[in-house]
A.B. asks: 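This is the structure I have questions about; it appears just below.
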Number of protein chains: 2
Amino acid sequence: MPTARRTATVTLHDVAREAGVSLATASRALNGSSRTVNDDYRQRVLAAALKLNYTTNLSAQAVAKGSTTSVALLVGDIADPYFSSIAAGVIKGSEDAGLIVTMSVTDRSPERELELVRALRGQRPRVIILAGSRSSDEEHQPDLVRELEAFEAGGGRVVFVSQHELPFDTVRIDNYGGARALAESLVELGYTRFAAITGEAALITATDRLAGFTDGLAAHGIEIPADKIVPGGFTRDGGFAGAVELADRGLDGVELVFAVNDVVAIGAMSGLRSRGIEPGRDVAVAGFDDIQTVRDVTPALTTVGIPLFEVGESALAVALRPREAGSERDLSVPTSVVLRASTPGVPAR
Amino acid sequence: MPTARRTATVTLHDVAREAGVSLATASRALNGSSRTVNDDYRQRVLAAALKLNYTTNLSAQAVAKGSTTSVALLVGDIADPYFSSIAAGVIKGSEDAGLIVTMSVTDRSPERELELVRALRGQRPRVIILAGSRSSDEEHQPDLVRELEAFEAGGGRVVFVSQHELPFDTVRIDNYGGARALAESLVELGYTRFAAITGEAALITATDRLAGFTDGLAAHGIEIPADKIVPGGFTRDGGFAGAVELADRGLDGVELVFAVNDVVAIGAMSGLRSRGIEPGRDVAVAGFDDIQTVRDVTPALTTVGIPLFEVGESALAVALRPREAGSERDLSVPTSVVLRASTPGVPAR
DNA sequence: TTGAAAGCGGTACCAC
DNA sequence: GTGGTACCGCTTTCAA
């Protein structure tokens, strides 16, 4: 009995036979960088491939070539507009470069991130992009670095997005500077009494933003009282809860609440409202990121803009550029303060 | 001169040598379903793998096994919360099943979708999930079906998300029924004069929703005047523009504007506001999807809820369940009307 | 240019 | 149980 075909899939072999040429020729006609194939044969192969509805088996190609066409992207939470915008940029750039992107979510857990990187290495992607917010987790960091270094040793490229201190290429977002500029702008508008809703203490992005903001204020001799800084978990619900806590403790004349990102800020606005405090009238609110929706909440949110889509595109571009010895490993993207109705010119109250 | 190693990557060969066992044994110890390997050897192999920091080359494994561990997901626009929520569900389900998900975006173009499916077949994924909104595009549909059938013939699984009439498994979202129920609820609240902002005419999701809504009204003898139905392109900006157009034409006593999805509705609220019309007070607004942010806009948006994350998880579950001859190919997810402040009990006006 | 054949990294069947 | 080895589908020398 003839062995049943494992799959009904047509292989390069079938195409070659159909076209009446050798395997090698078929391969060259379909891909071969050096166009060393007779145009007559080439046509026959192409026709055969079309007729049989052939598609190259990328896995087999990867094994033979020793390199894949995939890009692995790690994000903290794909449903978060911050990450999905970056992802859109990475995907766009990858498609333009003929690369496929695989996506995993870390849930912002350093442990999960490490696990994923380990598993991803099996994919032998050309690039691993880590966009999940870096945390100052001391426990898993050395292992992560070790995995990534092994990956690079095997010819892969690693790119981080956002701030970090690890020995890899980075698309750096100036969280500190952006927040600091925001603080200064707000002081100029006349605000003098602030509160802040932060992320988890371990998230570097969150701490950098808070540091920038407080330093910006400090430059004008302003300080945020310790009891006016509350955690917000980097999520909408965290922002809501943080604002409620702030309200319940008593605003004590706070004129502006700074949230470490827009999602938190939007949650905070709802939280304030739930306590009868009207954002933009009773108290000003500012966020960070300039995600799409901040234009459509009421009042429109003052924030710090980051070109997120471009960040994603840049991350890929950085990964694809040749690795030169002495080249700068970091690429910085600019941030910009965007003042909107949530911080009216005249301080609330 | 010895040939330089193509890569610095460690292979199963290296592990086997390090452990002093055969390639076959190493393979079995690391993966082998039948646990036919001596525990002593197994330990040695595991230790060697760990020591060498070995990871299985998934491509090679795929070639040898004849099947991959990847799931291909096509979405219309990953930065749209509708899609990113579904994607989150697909990713979660995949990770639980040990599968990797690759993601592509169609930009809602049937042509691009066809191209992508063709390219994706080369990946030989276990599953292709098409979550991009189906369009009634007659031109590319036959080719798309042909590609997908070829893919299934090769052992792959195809799952569509949302409504369609194609011969593949589907996670069906009751767009028609949900919109109809919404219409009836609104009539009950006392509304009698409606306008609508739709998507592109070709998007089946958009037309289904509009049909459900108008039929729901018709059941109560209410009709939307033709000039009160404007296109909104399924995007925030489209919604904004649509609302502006509606306002500029004159609302003529319209009490409620129905937008075919939340993103459009949110844009529409801003559009109305830009014309001095206050949503929820001067005119009610309703959307569809119940994406996260609708709770945080002002007024909170009335909409039709879809369990988007679960839709994503279900799509994967459907793909993974054994294919039985007579089994139902469709899975329906329920929708639910969610009334919020954007449609106050007493009709606006 | 073209074809034969030796890999690429694994898997799985076969015999011992 | 374990090792030898023939593949998996494709690329790429090497001769012809």
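A, B, ... follow the sequence lines: proteins, then strands. Residue 1 opens every chain.
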A.B. asks: Between B:K51 and B:E18, is the closest basic N to carboxylate O distance under 4.0 Å?
C.D. replies: yes
A.B. asks: Closest approach to the side chain of B:V63, judged atom by atom: which nucleotide of C:dT2, C:dG10, D:dG9 is it?
C.D. replies: D:dG9
A.B. asks: Between C1' on C:dG3 and CZ on A:R17, what's the gap in Å once rounded to a whole number?
C.D. replies: 16 Å
A.B. asks: Within this structure, what is the NZ-to-P distance between B:K65 and D:dC7, rounded to whole angstrom?
C.D. replies: 20 Å
A.B. asks: Is there a side-chain polar atom (N or O) of B:T25 under 4.0 Å from OP1 or OP2 of D:dG3?
C.D. replies: yes
A.B. asks: So, does the side chain of B:R28 form a donor-acceptor pair with the base of C:dG10 at under 3.5 Å?
C.D. replies: no
A.B. asks: Start at the 5' end of DNA chain D and walk down; is the nucleotide closest to B:G20 or to B:R124 reached first?
C.D. replies: B:G20
A.B. asks: Between C:dA4 atom P and A:L23 atom CG, what is the distance in whole Å?
C.D. replies: 9 Å
A.B. asks: Between A:Q43 (CD) and C:dT1 (P), how many Å, whole number?
C.D. replies: 16 Å
A.B. asks: What is the distance, to the nearest angstrom, from the CZ atom on A:R42 to the P atom on C:dT2?
C.D. replies: 10 Å
A.B. asks: Measuring from the side chain of A:A64 (C-beta onward, heavy atoms only), which nucleotide among C:dG10, D:dT11, D:dG3 has the closest atom?
C.D. replies: D:dT11
A.B. asks: With a cut-off of less than 4.0 Å, is there a side-chain N or O of B:N31 near OP1 or OP2 of C:dG10?
C.D. replies: no
A.B. asks: State whether B:R118 and B:E115 are salt-bridged, where the test is any N-O pair (Lys NZ or Arg NE/NH1/NH2 against Asp/Glu carboxylate O) under 4.0 Å.
C.D. replies: no
A.B. asks: Counting just side-chain N and O atoms, does A:S22 come under 4.0 Å of either OP1 or OP2 of C:dG3?
C.D. replies: yes
A.B. asks: Nearest of D:dT12, C:dG10, D:dG4 to any side-chain atom of A:S27?
C.D. replies: D:dT12
A.B. asks: Going by an N to O cut-off under 4.0 Å, is there a salt bridge joining B:D330 and B:R172?
C.D. replies: yes
A.B. asks: Write down the distance between CD (A:Q61) and P (D:dT11), rounded to a whole number of angstrom.
C.D. replies: 4 Å
A.B. asks: Tell me: CG of B:N38 to P of D:dG1, nearest whole Å?
C.D. replies: 8 Å
A.B. asks: Measure from CG on A:L12 to P on D:dT11 and round the result to the nearest Å.
C.D. replies: 6 Å
A.B. asks: Using the salt bridge (Lys or Arg N to Asp or Glu O under 4.0 Å) rule, collect all pairs that involve residues 82-93 of chain B, keeping only residues at least two apart or in two chains.
C.D. replies: B:K92-B:D96
A.B. asks: With a 4.0 Å cut-off, would you call A:R17 and A:D14 a salt bridge?
C.D. replies: yes
